[in-house]
**Q** 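One structure follows; several queries about it will come next.
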Amino acid sequence: MGAAGQDTARPMVEAIGVRKAFDNLQVLSGIDLTIQKGEVACMLGPSGSGKSTFLRCINHLEKLSGGEILVDGELIGYRRRGDRLYELKAAELARQRRDIGMVFQRFNLFPHLDVTENIVQAPVLIRGEPRADAVARARALLEMVDLGDKAQAYPQQLSGGQQQRVAIARALAMRPKLMLFDEPTSALDPELVGEVLAVMKRLAAEGMTMLVVTHELGFAREVADRVIFMDQGVVVEEGTAAEVLDHPRHPRTQAFLRRIH
């Protein structure tokens, strides 16, 4: 969290009237959402409700059709001049994305690089870190995700759960202020889910700001400061895990939870 009081009070994520359409398909229909620093928010909802699209809008992997998103007070993807917004150039976008870690359903590791090299590439090439420092941090991160003995392994030698933990370590190597997780366990065999969730629980305990799209209700119940339920491109309901999961107010939330319980 920021050292200054105003930095701590400033939200980590602020979405204001966020809309996104693909041709004639309206995917996000005016999302207003605030994530505080150090907060863990879990986003639930049926497939096609706009959860993953919203996550991708936060680091401008998807361009907004309307509204705006700020991360730690900085407008993402655009520069405001007067009453108009102009999209940032690639180099400026890359600078913004350095502070936003993202872990996808698929691990997206470089198959021709070993685990250590997968982790050190971005800090060295993008942040300009000395290679020795990046390697030392990679080793420390691998220990943190319980893969200290896999530093020289290649992705194809690892299980899906191990690859996803490497992907988390790779995102953390950039020292992000915000971590986005897009259904990080959905591509895993059930017996491998727990090892990835354990790493995420550790991050939450250390105060990392996290927005997690997930269907893992047990994880949301244990870790989330807030649960957000989306459907048809809008936030239908949000509150504590107990409020949303145990006592949902909206009929759509109730119907969704009945289906997946």
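Here, residue 1 is the first one in the sequence, and each next residue gets the next number. As the structure is a computational prediction, the values presented were derived from the model and not from experiment.
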**Q** About how many Å separate CD of E183 and CE of M43, when rounded to the nearest 0.5 Å?
**A**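 Separation between the atoms: 11.5 Å.
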
**Q** Walk me through it: do L61 and R97 pass the test side-chain contact (heavy atoms from CB on, under 4.5 Å)?
**A** CA-CA 10 Å; L61 289 175; R97 288 180 181 137; 4.2 Å; yes

**Q** Find out whether L28 and M230 are in side-chain contact, i.e. whether some heavy atom of one side chain is under 4.5 Å from a heavy atom of the other.
**A**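 A side-chain contact exists here, since the closest heavy-atom pair is under 4.5 Å.
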
**Q** Show the nearest heavy-atom pair for residues G101 and P176, with the distance to one decimal.
**A**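 Looking at all heavy atoms of both residues, the closest pair is N-CB, 3.5 Å.
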
**Q** Hydrophobic cluster membership, with links at side-chain heavy-atom distances under 4.5 Å among I/L/V/M/F/W/Y: are V244 and V235 in one?
**A**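 No.
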
**Q** Assess whether a salt bridge exists between R131 and E117, defined as any Lys/Arg side-chain N lying under 4.0 Å from an Asp/Glu carboxylate O.
**A**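 Yes, R131 and E117 are salt-bridged.
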
**Q** So do the side chains of M174 and I126 get within less than 4.5 Å of each other, counting heavy atoms only?
**A**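 Side-chain contact under 4.5 Å: yes.
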
**Q** Between E68 and R80, is there a side-chain N and carboxylate O pair less than 4.0 Å apart?
**A**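 Salt bridge flag = yes for R80 with E68.
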
**Q** Would you say V13 ends up clustered with V227 if hydrophobic residues are merged whenever their side chains have heavy atoms under 4.5 Å apart, either directly or through other cluster members?
**A**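 No; V13 is not reachable from V227 via cluster members.
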
**Q** Please test R95 against E74 for salt bridge (charged side-chain N to carboxylate O under 4.0 Å, His left out), starting from the C-alpha separation and ending with a verdict.
**A** CA-CA 12 Å; R95 179 190 59 77; E74 183 177 11; 2.6 Å; yes

**Q** Is T214 close to L44 at the side-chain level, that is, under 4.5 Å between some pair of heavy atoms?
**A**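 L44 vs T214: side chains touch.
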
**Q** Any side-chain to backbone donor/acceptor pair from Q164 onto T185? Under 3.5 Å, distance only.
**A**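 A pair under 3.5 Å: no.
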
**Q** Quick check: does any side chain N or O of Q152 sit under 3.5 Å from a backbone N or O of D114, one acting as donor and the other as acceptor?
**A**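 Not confirmed, Q152 side chain does not pair with D114 backbone.
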
**Q** Could you tell me whether the side chain of P123 reaches within less than 4.5 Å of the side chain of R137, counting heavy atoms only?
**A**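 The answer is no; the side chains never approach within 4.5 Å.
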
**Q** Measure from the side-chain N and O atoms of T116 to the backbone N and O of A151, and report whether any donor-acceptor pair falls under 3.5 Å.
**A**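 The answer is yes, because a donor-acceptor pair under 3.5 Å joins these two groups.
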
**Q** Within a strict 4.5 Å, meaning less than it, do heavy atoms of the I58 and M102 side chains meet?
**A**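 With C-beta onward as the side chain, the pair stays apart.
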
**Q** Ignoring hydrogens and geometry, is there a side-chain-to-backbone donor-acceptor pair from K20 to K63 under 3.5 Å?
**A**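 Yes.
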
**Q** Write down the atom of F256, the atom of G45, and the distance for their closest heavy-atom approach.
**A**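 Looks like CE1-C, 3.5 Å.
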
**Q** Looking only at heavy atoms, which two atoms of V120 and A138 are closest? And how far apart?
**A**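 That would be CG1-CB, 3.8 Å.
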
**Q** Using a strict cut-off of less than 4.0 Å between a Lys/Arg side-chain nitrogen and an Asp/Glu carboxylate oxygen, indicate whether R56 and D182 qualify as a salt bridge.
**A**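 Not counted as a salt bridge, because no side-chain N and carboxylate O are separated by less than 4.0 Å.
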
**Q** Are side-chain heavy atoms of V223 and V212 found at a separation under 4.5 Å?
**A**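 No, their side chains stay 4.5 Å or more apart.
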
**Q** Compare every heavy atom of P248 with every heavy atom of L257, then report the nearest pair and how far apart it is.
**A**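 Minimum heavy-atom separation between L257 and P248: CD1-CG, 3.8 Å.
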
**Q** So how far is it from Q121 CD to R170 CZ, rounded to the nearest 0.5 Å?
**A**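 Here the rounded value is 10.0 Å.
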
**Q** Quick one, L147 with V115, criterion side-chain contact (heavy atoms from CB on, under 4.5 Å). Give me CA distance, side-chain angles, the key distance, then yes/no.
**A** CA-CA 10 Å; L147 290 173; V115 164; over 6 Å; no

**Q** Where do V196 and G161 come nearest, in terms of heavy atoms and distance?
**A**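 Heavy atoms only, the tightest pair is CG2-O, 3.7 Å.
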
**Q** CZ of R19 to CG of L64: how many Å apart, nearest 0.5 Å?
**A**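 Result: 9.5 Å between the selected atoms.
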
**Q** Find out whether L33 and F54 are in side-chain contact, i.e. whether some heavy atom of one side chain is under 4.5 Å from a heavy atom of the other.
**A**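 The answer is yes, as the side chains (C-beta and beyond) meet within the 4.5 Å cut-off.
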
**Q** Are M12 and V40 connected, step by step, through hydrophobic side chains (Ile, Leu, Val, Met, Phe, Trp, Tyr) whose heavy atoms are closer than 4.5 Å?
**A**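 Different hydrophobic clusters.
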
**Q** For a 4.5 angstrom cut-off between non-hydrogen side-chain atoms, does L158 reach F107?
**A**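 Side chain of L158 against side chain of F107, heavy atoms only: no contact under 4.5 Å found.
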
**Q** To the nearest 0.5 Å, how far apart are CD in Q163 and CG in N108?
**A**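 The CG atom of N108 is 10.0 Å from CD of Q163, to the nearest 0.5 Å.
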
**Q** Tell me the closest heavy-atom pair linking R165 and D146, and the distance in Å.
**A**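 Where R165 meets D146 most closely, the heavy atoms are NH1-O, 3.5 Å.
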
**Q** Is there a donor-acceptor pair closer than 3.5 Å between any side-chain N or O of D99 and the backbone N or O of K177?
**A**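 Absent.
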
**Q** Here's one to test your reading of the geometry: is the NZ or CZ of R81 within 45 degrees of the ring axis of Y86 and under 6.0 Å from its centre?
**A**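 Yes - R81 lies over the ring of Y86, closer than 6.0 Å to its centre and within 45° of its axis.
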
**Q** Measure the acute angle between the ring planes of Y78 and H60, then classify it against the limits of 30° and 60° as parallel, tilted or perpendicular.
**A**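 Perpendicular, since the angle between the ring planes exceeds 60°.
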
**Q** Please check: side-chain N/O of K51 versus main-chain N/O of P46, any donor-acceptor pairing under 3.5 Å?
**A**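 Flag set: sc K51 to bb P46 pair under 3.5 Å.
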
**Q** Would the number of heavy atoms belonging to other residues, nucleotides or ligands and lying under 6.0 Å from CZ of R127 be above 12?
**A**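 Correct, the count exceeds 12.
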
**Q** What about I100 and L172, same hydrophobic cluster or not, with Ile/Leu/Val/Met/Phe/Trp/Tyr joined at side-chain heavy-atom distances under 4.5 Å?
**A**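 I100 does not cluster with L172.
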
**Q** In terms of hydrophobic clusters joined by side-chain contacts under 4.5 Å, are I76 and M179 together?
**A**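 No: no chain of side-chain contacts under 4.5 Å links I76 to M179.
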
**Q** First locate atom CG of L180, then atom CG of N59, and finally report the distance between them rounded to the nearest 0.5 Å.
**A**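 Reported to 0.5 Å precision, the distance equals 6.0 Å.
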
**Q** Looking at T240 and E243, would you say the former's side chain and the latter's main chain have a donor-acceptor pair under 3.5 Å?
**A**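 Looks like yes, one N/O pair under 3.5 Å.
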
**Q** Apply side-chain contact (heavy atoms from CB on, under 4.5 Å) to residues L192 and Q162 and explain how you reach the verdict.
**A** CA-CA 8 Å; L192 302 177; Q162 290 171 330; over 6 Å; no

**Q** In Å, rounded to the nearest 0.5 Å, how long is the span from CG of D231 to NE2 of H250?
**A**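 Here the interatomic distance stands at 8.5 Å.
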
**Q** Check the pair L203, M210 against side-chain contact (heavy atoms from CB on, under 4.5 Å), reporting the backbone distance first and the verdict last.
**A** CA-CA 9 Å; L203 287 178; M210 298 163 55; 3.9 Å; yes

